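For clarity, every value in this text was computed on a predicted model and none was experimentally measured.
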There are 2 protein chains.
Amino acid sequence: MVTIYDIAEHAGYSIATVSKALNNKKVSEKARRKIMEAVEELHYTPNSSARTLATNKSWMIGVVFGENLGIGIAHPFFSQVIEGFKKHVELYNYDLLFVSRHMGLQQETYKHLLHRGVDGIVIIQSHGEDEISQVDHMIPTVYIDRPTDEPGTVYSDNHAGSRLAVNHFVENGHTKIAHIRGNQTTFAGIERAKGFEKAMKEQGLTVRDEYLVDGGFYSQAGGREAMIRLLSLKDRPTAVYVAGDEMAIAAMKVTKEWGLRVPEDISFIGFDDIKIAQHVDPALTTIRQDKELIGQKAAIILLDKINSIDPTQEVDKKMVPVSLIKRDSVHRLA
Amino acid sequence: MVTIYDIAEHAGYSIATVSKALNNKKVSEKARRKIMEAVEELHYTPNSSARTLATNKSWMIGVVFGENLGIGIAHPFFSQVIEGFKKHVELYNYDLLFVSRHMGLQQETYKHLLHRGVDGIVIIQSHGEDEISQVDHMIPTVYIDRPTDEPGTVYSDNHAGSRLAVNHFVENGHTKIAHIRGNQTTFAGIERAKGFEKAMKEQGLTVRDEYLVDGGFYSQAGGREAMIRLLSLKDRPTAVYVAGDEMAIAAMKVTKEWGLRVPEDISFIGFDDIKIAQHVDPALTTIRQDKELIGQKAAIILLDKINSIDPTQEVDKKMVPVSLIKRDSVHRLA
DNA sequence: TTGTATGCGTTATCAT
DNA sequence: ATGATAACGCATACAA
């Protein structure tokens, strides 16, 4: 391996001068030129471990996935958020380190991140349990979709999303509206359910107990289960607001299997706007999360933290807006 | 930061003994116990940069994405392959480093990986141009979907896939079979097209020039374009084998837009079996790539290379089998 | 078994 | 402007 010693010798300067030249500090033009020549000739590449050791700065950001589907990076929502995150931090020359899960033990994961010396951590997880405890955080951290008031968390405006959904149903003449909730230990699940009940109240509608069913962790299996419970009711709803697209798609599917028409008999609105949503039949009307923006916002907040820029000024921007994507899964009642 | 010096002092041993204990080398039981106690008490975490510097081993594997869609990690095929890869290397305590693209300049990317001191590299890219030149590879590398005979590349059995598709069409009475090719600078695109022509020949069928159209880089836009060319023909094919699911989905869509029925008027078979495939209408019959296995196989090969295990014994296993997933997009001709 | 000393490649302090 | 040297945290050859 070629080091700064080789460069120093080859260029006729000391390693101190070489280091300075390499880091754009003050050196003579002549020195800079000769050193750069040597760098080219010897194909010198700096060693990041040595640099990290000396500067205590790794230029790496640790990524922690916590999802219950077991699909990790391939998660339809998370992957897009992370891509948005990555695109932004790349601009500042950070690389992303995806660490192994350590058997799901978050505390171990954090230790590992500490071991790696990452400059920051982004945590994106659907479930609320077994989290890294706040106290231990010596490393700047940003969360996606997690309940906390401190700056350092980014999430969609779930309440607005629920209101958008309910209002859209109401505008189309629906009153018998059900909600398939996300698991009620997850932040998103809780907030969307809360928002649903609030929006219903605003519309002067009552939400019946049997119209509130739990779909679990946003999987198709969970959505199917939940929908079956709804379909088994004597008095079925005419509209179902589902806390996640995957669940919504499964719900539509089982509804059709039961011989009912979608959306004529039962209308659906999902949440997320994952890519599949536009391809199912009927195309799913849904609340779109701006995944790119969520990722980018998280990146901005984290970078601010890393650079000790007070992020409180950004605190009100941590919630990113959602939008209603109208497609074909909502029927207008006569 | 707490170092082995602190542990040494606290436990009453030298740093050498501490280091040995930490690395499970021979030390007395008593020493090990006292040292581990100190580790617990002081919350010691080893510094990976220092270790990497001393051992010249980073326990990181660099990941290089090269895709033309601009969606990076969110790529429906790549993300699943990488997840399979990750699951396997995790078992051996490797972390994954996603490096920034450096403006698409692969040579720069490689330098960056060198700078990072990764133990190995996995390259997964759809296009053939602007690759890292083989010569420079001091770092063990494995490719996904790339043409080379040397051990160190993994890809699906594209020829078999094409044969599966053609035969399935033929079994259902089709003879006027077209092929929407992937870009002909990509390995997958080339191989699937070759396989198609070969399979057609085997079936005693001729492939007409106008039934061979290019869909570009596997995007929906490209698939749509290509299909329009097919639809514009006086004598349309009754079956279309499409080199990628995304393209196939767009092709089906535009076919329906033209007022034709799928699959009654035109049948389709795709390639990949991405998640969306089962949700489109009609559900897409396709050639499934075993993404998980591709990732795992790549991981095994790379790990072998890293550990200097001669991978030639594995060379015949570098091609992973594909399978025909029958769904609803192929019509049986009377 | 345990300890001493040195090296890994870089940055940074302090002289010159 | 440039250079000698210590420091970063750890592993290891060699001594003891």
Indicate whether OP1 or OP2 belonging to [N] is found under 4.0 Å from a side-chain N or O atom of [X].
X     : N      : answer
A:S19 : C:dT11 : yes
B:S14 : C:dG3  : yes
B:T17 : C:dT1  : no

Pairwise distance [atom1]([X]) to [atom2]([Y]) - rounded to 0.5 angstrom:
X      : Y      : atom1 : atom2 : value
B:T186 : B:E191 : OG1   : CD    : 9.5 Å
A:E83  : B:I71  : CD    : CD1   : 8.0 Å
B:I294 : B:D145 : CD1   : CG    : 6.5 Å
A:I306 : A:I121 : CD1   : CD1   : 9.5 Å
B:K111 : B:L114 : NZ    : CG    : 8.5 Å

Quick one: [X] [atom1] to [N] [atom2], roughly how many Å, whole number?
X      : N      : atom1 : atom2 : result
B:H115 : C:dG9  : NE2   : P     : 14 Å
B:K34  : C:dT1  : NZ    : P     : 18 Å
A:K25  : C:dT11 : NZ    : P     : 8 Å
A:I7   : C:dT11 : CD1   : C1'   : 16 Å
B:R116 : C:dG9  : CZ    : C1'   : 15 Å
A:N24  : C:dT11 : CG    : P     : 11 Å
A:R33  : D:dT2  : CZ    : P     : 12 Å
A:I4   : D:dA4  : CD1   : P     : 13 Å

Please tabulate, for the side chains in residues 32-54 of chain A, all donor-acceptor contacts under 3.5 angstrom to protein atoms that are two or more places apart in sequence or on a different chain.
{"from": "A:R32", "atom 1": "NH1", "to": "A:A21", "atom 2": "O", "distance (Å)": "3.4"}
{"from": "A:R32", "atom 1": "NH2", "to": "A:K25", "atom 2": "O", "distance (Å)": "3.0"}
{"from": "A:N47", "atom 1": "OD1", "to": "A:S49", "atom 2": "N", "distance (Å)": "2.8"}
{"from": "A:N47", "atom 1": "OD1", "to": "A:A50", "atom 2": "N", "distance (Å)": "2.9"}
{"from": "A:S48", "atom 1": "OG", "to": "B:H115", "atom 2": "O", "distance (Å)": "3.4"}
{"from": "A:T52", "atom 1": "OG1", "to": "A:S48", "atom 2": "O", "distance (Å)": "2.8"}
{"from": "A:T52", "atom 1": "OG1", "to": "A:K57", "atom 2": "O", "distance (Å)": "3.3"}

Exercise for review: Starting from the first five and the last five pairs of the helix from C:dT1-D:dA16 to C:dT16-D:dA1, work out the angle between the resulting helix axes, to 10 degrees.
Suggested key: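 Helix axis angle between the two ends: 40°.
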Practice item. Describe the nucleic acid contact of A:Y5 in one word from base, sugar-phosphate, nothing, applying a heavy-atom distance below 4.0 Å. Key: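 Touches a base.
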Review point. Just checking A:I15: base, sugar-phosphate only, or nothing, at a heavy-atom cut-off of under 4.0 Å?
Key: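 Contact class for A:I15: base.
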When you get a sec, tell me which of [options] is the closest nucleotide to the side chain of [X]?
X     : options               : value
A:K26 : D:dA4, D:dA1, C:dG3   : D:dA1
A:K20 : C:dT11, D:dT2, D:dT12 : D:dT2
A:T3  : D:dT2, C:dT4, C:dG9   : C:dG9

**Study point:** Over 12 foreign heavy atoms within 6.0 Å of CG, B:N56
**Key:**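 Atom CG in B:N56 is not crowded, with 12 or fewer foreign heavy atoms closer than 6.0 Å.
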Geometric class of the [Y]/[X] ring pair [parallel <30°, tilted 30-60°, perpendicular >60°]:
X      : Y      : result
B:H88  : B:Y92  : tilted
B:W59  : B:Y94  : tilted
A:F187 : A:Y155 : perpendicular

Check your understanding: When you match B:V2 and A:A31 each to their closest nucleotide on DNA chain D, which lands nearer the 5' end?
Key ->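 The residue whose closest nucleotide sits nearer the 5' end is A:A31.
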Check your understanding: Which comes earlier along DNA chain C counting from the 5' end, the contact point of B:K30 or that of A:A16, where each point is its nearest nucleotide?
Key ->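 The residue closer to the strand's 5' end, by nearest nucleotide, is B:K30.
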Review point. Among residues 44-57 of chain B, which contact DNA chain C at a heavy-atom distance under 4.0 Å?
Key: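 Only B:L53, B:A54 qualify.
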